[in-house]
Amino acid sequence: MKTYHIEIEGMGCAHCVRGVEEALSAIGAQVNNCAIGCADVRFDGAVDALREAVESRGFEVSTITEA
């Protein structure tokens with residue numbers, strides 16, 4: 001599995017964090033840390049799937065970098 005750091009715009013509360021965690025977990029990502037504005041995950045799939053999962057919850061992904 002690869003480790004990724006995702007910078008996320010539009011998150012403002014614990015409910016937002018929970019929504020992002022749920023979206024990422026639903027596609028099989030292991031969420032190591034999720035806070036307002038970012039998430040650190042381990043994932044074997046395509047990077048685009050991470051972006052799509054986060055954006056499906058109404059947030060914007062500014063960057064995804066491999067850690």
Side-chain angles (χ1 to χ4, degrees):
M1 278 192 173
K2 293 183 180 179
T3 302
Y4 297 96
H5 178 77
I6 308 168
E7 289 289 328
I8 306 165
E9 296 179 19
M11 296 172 70
C13 66
H15 180 73
C16 297
V17 171
R18 189 167 37 257
V20 168
E21 287 176 336
E22 290 172 356
L24 292 168
S25 293
I27 63 165
Q30 293 179 347
V31 181
N32 296 334
N33 182 43
C34 189
I36 294 172
C38 65
D40 295 314
V41 300
R42 290 180 46 83
F43 187 60
D44 274 334
V47 174
D48 287 339
L50 295 171
R51 180 180 304 278
E52 290 170 10
V54 171
E55 292 182 349
S56 74
R57 294 297 177 115
F59 304 107
E60 184 178 337
V61 173
S62 57
T63 61
I64 301 175
T65 55
E66 191 173 336

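We number each residue from 1, following the sequence as shown.
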Minimal non-hydrogen separation, [X] against [Y], with atom names:
X	Y	answer
Ala35	Val17	C-CG2, 3.7 Å
Cys16	Gly10	SG-O, 4.5 Å
Phe43	Ile27	CE1-O, 3.3 Å
Asp40	His5	OD1-ND1, 2.5 Å
Cys38	Glu7	CB-OE2, 4.2 Å
Met11	Ile36	O-CG2, 3.3 Å

Under 4.5 Å between any side-chain heavy atoms of Ile6 and Leu24, yes or no? yes
Nearest 0.5 Å please: distance from the CZ atom of Arg51 over to the CD atom of Glu60. 8.5 Å
Starting at CZ of Arg18, measure out to OG of Ser25 and round the result to the nearest 0.5 Å. 13.0 Å
